[in-house]
Amino acid sequence: MAARVLDGKARSAQVRGEIAKTVAALRDKHGIEVCLAVLIVGEDPASQVYVRNKVAACEQAGIRSLHERFAADTTQQALLARIAELNADASVHGILVQLPLPAHIDRQTVLEAIAVAKDVDGFHAENAGRLSHNDPAAMVACTPRGVMDLLAQAGVTLQGAEAVVIGRSDIVGKPMAMLLTNAGATVTVCHSKTRDLAAHLRRADIVVAAVGKPRMVTGEMLKPGAVVIDVGINRQPDGKLCGDVDYASAAEVASAITPVPGGVGPMTIAMLLANTVDAACRQHGVTL
Ligand code: GUN
């Protein structure tokens, strides 16, 4: 039986429509103009595309955005000084520093300079800690939050489920594992040093692949009926995108699967907007 396709593009459009209404209500009823600052250092072409997409999504939702570009040789001190200004500016509700940063800038120092309440990426150690404590005040990293939304929309039972997360990054793998654990799943985190990935996957009711290796998860590795979430975005030699999952073979075994493109990717931006609105509401003491 062919797997159900989890359409992240459609769900993202729906979420973004709801966010636009909330943003309008915050403006009209509470006089709050939701604002996100997006900072980028250097000329990395992929990062520039991501940032432009984030800024355009803000505009579409009625969120004011500050798109701040810094030269590749900007000092860490200068970047930290700007972050301090944005932290102190009550009209700015969210601050995002696009990654990767140039080698002379220490990523952790920069991420932890962002005010916890404005950390819409959820990358600050304090937000990561709150997430690990299942604290609802945690700002949750956008991609894992988007995956949880897709799973909820698909009606996937998480409590008691066996989940395998492939990838242990601070941005996706670790927060993903935390969210699934908090939701009652039994979670295994696999990564590049895992000895027998297939043995773990055979048991998995839910698979989240976030390793950046094109088509490494194939249908024969999966448990029949598994729900497969593909976070990978890999550019192939012909210029087309593919995920970390071999879609054709996996779709024959899985009960549900996300495509690439059009699966998790669009959810990340939707959740960035959601985090920004959440941040604005909390900063102004507004409950929706
Ligand atoms: N670079 C790649 N993904 C992300 C992300 O989600 N947030 C930021 N800030 N940088 C990224």
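Fair warning: this is a prediction, and the values are worked out from it, not measured in the lab. Just follow the structure's listing: the first ligand is 1, and inside any ligand the first atom is 1.
Protein heavy atom at the shortest distance from atom 6 (O) of ligand 1 is Asp121 OD1, 3.8 Å.
No side-chain heavy atom of Ser91 sits under 4.5 Å from any side-chain heavy atom of Cys35.
With a 4.0 Å cut-off on non-hydrogen atoms, Leu96 touches ligand 1 through its side chain and not its backbone. The part of Lys54 lying near ligand 1 is the side chain, judged by heavy-atom distances below 4.0 Å.
A donor-acceptor contact shorter than 3.5 Å links the side chain of Asp230 to the backbone of Asp244. Not one N or O on the side chain of Arg82 forms a donor-acceptor pair closer than 3.5 Å with the backbone of Phe70.
Annotation for Arg130: atom CZ counts as buried by contact number, over 12 foreign heavy atoms lying within 6.0 Å. For CE of Met178, the number of neighbouring non-hydrogen atoms (other residues, nucleotides, ligands) closer than 6.0 Å is 12 at most.
Of the candidates Ile233, Leu99, Ile95, Leu39, the one placing a heavy atom closest to atom 1 (N) of ligand 1 is Leu99.
Considering backbone and side-chain N/O atoms, Gln98 comes within less than 3.5 Å of an N/O atom of ligand 1. For the pair Phe123 and ligand 1, the shortest N or O to N or O distance does not fall below 3.5 Å.
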